[in-house]
Amino acid sequence: MKFVFTTLVLAILVLNSCNPSNKKSSLPVLGNKDIINGDTIFSTIRDFEFVDQDSQRVNNSTFQDKIYIADFFFTHCPTICPKVKKQMLRIQDHFKGNEELKMISHTVDPKRDTVGRLKSYAESVGINTDMWMLVTGEKDSLYSIADDYFSVAVENPDAPGGFDHSGRLILVDKKRRVRSFCDGTDPIKVDAFIEDVELLLQL
Amino acid sequence: MRILLTSIVAMFCLLQCSDSKYKDGQSLYENNCSHCHMNDGAGLGDAIPALTRENLSLRKAQIPCIIKQGIKGKMMVMPPHPNLNEVEISNIVHYIFDQMADTTIQWSIADIKASLDGCED
């Protein structure tokens, strides 16, 4: 009797700890927040207006009722960008056909990354521009919005290619709030990020 | 007997230590080439060529010069690598042919050096 009882207890403990999906069921809102009159106000992505590879205007209303992934890059980048783009292609394929998810890559080199150049780059790399836009615009606007995305974008003649920027991928919800980010060069981190995207699509 | 077993285990472990028999080449490749050509040599669409057997064979003789001097592609420019000497370039070349093209090449360091000396400006 004692044997049966012990086995049963052990079995229950083992089965409970063997849960293969330690998946999250919620995503925190990231960034600064203020408490105003008892309400928590989270910081959001500011108003923006850029132009994409097809000369189409891209602003906040482009992402109305959508969640999106943002990053910063430049087409002449000799360091991290190819790996980040590779991972973003993986994300593009994974969510193919999903109308609720968009992706936006901002150039930090608006001088050389003209609309035409962005278009050629998109075609060359295999980017589906229905889902994923490459945008350019005023340098100050591109650089200052990087802060909202917890990303770095600065001109630096000592940096390879001439620009310092982070390889982060940032996930933004329908209320313009950041919900997740990862190092876009690391496939394992991107796996976890993809799970966050899937979760946000359901929330 | 015990010594024999330990030696066998040790040898087995040492053999597992590297993905490729060109360990130095692999490490040089990862530090100098993989951020564009990727760790598996797959490149990036048409912007950065994949290091396939076909692509590597097409330009086989030029590869040491390409590594040293860089090359202008349609979309992007591969930068030069003036810091790499003929031994390092030889290691990289052997590694990429072995790992990505499944080909063993028979170039000596002297062959690579001669090739580099003949690079067009």
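What you see below is based on every heavy atom in this structure, not just the backbone, and it leaves out hydrogens, waters and symmetry mates. So you know, we letter chains A, B, ... as the sequences are listed, proteins then strands, and number each from 1.
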ask   = Quick check: are there more than 12 heavy atoms from other residues, nucleotides or ligands sitting under 6.0 Å from NZ of A:K175?
value = no
task = Please assess A:V172 against A:R177 for the test side chain to side chain contact (heavy atoms under 4.5 Å, CB included), listing each intermediate value before the final yes or no.
result = CA-CA 5 Å; A:V172 180; A:R177 306 172 306 184; 6.0 Å; no
ask   = Roughly how far apart are A:C81 SG and A:K86 NZ, rounded to 0.5 Å?
value = 14.5 Å
inquiry  = ring-ring contact (aromatic ring centres under 6.0 Å, His included), that's the test. Do B:Y95 and B:F97 meet it? Break it down for me.
reply    = CA-CA 6 Å; B:Y95 170 70; B:F97 272 92; over 10 Å; no
inquiry  = I need the residue from B:M75, B:M38, B:H37, B:K74 with the largest number of non-hydrogen atom pairs under 4.5 Å to chain A.
reply    = B:M75
key: Proximal component of A:L89, with respect to chain B [non-hydrogen, under 4.5 Å]   = side chain
inquiry  = Donor-acceptor pair, distance only, cut-off 3.5 Å: does the side chain of B:K68 make one with the backbone of B:E86?
reply    = no
task = State whether A:D54 and A:K119 are salt-bridged, where the test is any N-O pair (Lys NZ or Arg NE/NH1/NH2 against Asp/Glu carboxylate O) under 4.0 Å.
result = yes
query = Contact part of A:T79 toward chain B, heavy-atom cut-off under 4.5 Å: side chain, backbone, both or neither?
reply = backbone
message = Within the supplied structure, the quantity of interest is the number of heavy atoms (other residues, nucleotides, ligands) at a distance under 6.0 Å from A:K66 NZ; does it exceed 12?
response = yes
request  = Pull out the residues in residues 122-155 of chain A that come under 4.5 Å of chain B, heavy atom to heavy atom, sorted by number.
outcome  = A:S124, A:V125
